Protein chains: 2
Amino acid sequence: MTRGVAPGLGLTTEEGAALEAHLSSLAPLSSRTWKALLALGQRRRLAKGGCFTRPGAPASHFAVVLSGLLRHYYVDARGKESVKAFRGPLDVSAPYAELILRRPSRTYIEALTRTELLVFRFDDFEALARDSVELQRLARRFGEVHFVQKEQREYEFLMLSAEERYRQFCARMPELLQHIPQHQVASYIGITPVALSRIRARSRRP
Amino acid sequence: MTRGVAPGLGLTTEEGAALEAHLSSLAPLSSRTWKALLALGQRRRLAKGGCFTRPGAPASHFAVVLSGLLRHYYVDARGKESVKAFRGPLDVSAPYAELILRRPSRTYIEALTRTELLVFRFDDFEALARDSVELQRLARRFGEVHFVQKEQREYEFLMLSAEERYRQFCARMPELLQHIPQHQVASYIGITPVALSRIRARSRRP
DNA sequence: CGCTCGCGTTAACCCGGGTTAAGAAACGCC
DNA sequence: GGCGTTTCTTAACCCGGGTTAACGCGAGCG
């Protein structure tokens, strides 16, 4: 593989091109800005089960997933996990709310499989973006897209039954079903693994 | 009352100053940008029960609440209402997700009391903001703040019981309790009025 | 090979909340 | 002031989902 985009990073041309295309779909970047941005990133590998972020740690970085799969989740006082999100290739992964609020993370971000990340210090991004319309627009777009996702989730919790939420999940993220243990899907839609198993049994053969 | 800020709008100096202070807390604006922005707004009065937005209508405007109280809600096929948000003075109210996606609104925004708004055409804002770092930063900040609110709500649905959500609501928005009928609070926290009444009875006298 | 461990399923029991309905209190509206 | 409407409460009944526990299965590993 050639390494033409950003030699220092070891990003392949394919990776770089896909990433640029994906980010450009949010907001276009001049090639100058794009290069400056990319220069801020650092490649990092996460073993299965490894954590990008854990509660208590200061929220200071965000990352683009190059390959692999991450899950974002909370853990309550009794140890119950609640899955907030999954992130795959080209998705941005971060303790986003905590970065915005400049508070310590309260979420785990954990690799479900071996995962490769392109990691950025948030403050580096902020410094680069300070007077850049392009990057402010990108950051704006990014916030908006994530807002829309959370509002969709709010809609589902307010308006749909657990069974309907499960159907939506299957329809919306069919690829994930292959790679994610079922009890984490249950947690994502806000029910227990037992309840999800019943829902599936019900819809398999009545 | 004096009308020194934006004579054409009929905004009082107090209103203008409070609004500017509030928006500046999100992101600072030069007084030039601030004036240009304000000039885009139109005052509008909503009678109790009047709607700023309803499902099916194109999402084209957002508004700042000058006085009064709004509620945002969905209605499903069987007529069940689900309250998404409340908005009071200085809050921005809009079918935000639909503006972002440029889709027709799917939410009602309705006045709970007589309400005064400062209404903006979204496209006017976009045109003004296109090359303005200040306004892109403001819009970014706005998106981020709303994302954080929705994620907090996701946290509450995933991690808290209905009773805990109710306590949080009371703690977080005590002023609203005076002005909002209880069944709308119930809807906001995702339960029925009957269930909320039981929760209150339980905590009143065990 | 046999072990353990994580995962999914099933069953039994319980409880929170949904549903329906009826009645009481508060609030406009004329 | 009278009257309908909206709001809140309470009760009875039902059901979805939580909890606990037992079992089977496949994967990983010593």
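Convention: sequence-line order gives letters A, B, ...; per-chain numbering from 1. None of the values given here were measured: they were computed from a predicted structure.
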Less than 4.0 angstrom between a side-chain N/O of Gln182(B) and OP1 or OP2 of dT9(D), yes or no? yes
Taking OP1 and OP2 of dG6(C), is either one under 4.0 Å from a side-chain nitrogen or oxygen of His183(A)? no
Bend angle of the helix from dC1(C)-dG30(D) to dC30(C)-dG1(D), from helix axes over five pairs at each end, nearest 10°: 40°
Please check if the distance between the ring centroids of Tyr108(B) and His72(B) is under 6.0 Å. no
Check: Gly143(A) main-chain N/O paired with Arg140(B) side-chain donor or acceptor under 3.5 Å: no
State whether the side chain of His22(B) and the backbone N or O of Ala18(B) hold a donor-acceptor pair below 3.5 Å, judged by distance alone. no
Distance (rounded to the nearest 0.5 Å) between Glu98(A) CD and Ser60(A) OG: 11.5 Å
Reading 5' to 3' through nucleotides 12-30 of chain C, protein heavy-atom contacts under 4.0 Å coded B for base, S for sugar-phosphate only, - for none: B----BBBB----------
Is it the case that the side chains of Ser187(B) and Glu81(B) hold a donor-acceptor pair, with the cut-off being a distance below 3.5 Å and no angle test? no
Closest contact, heavy atoms only, Leu23(B) versus Trp34(B): CD1-CZ3, 3.7 Å
Run the salt-bridge test on Arg43(B) and Glu116(B) with the 4.0 Å N-O cut-off and return the result as yes or no. yes
Ion pair Arg153(B)/Glu154(A), N-O distance below 4.0 Å: yes
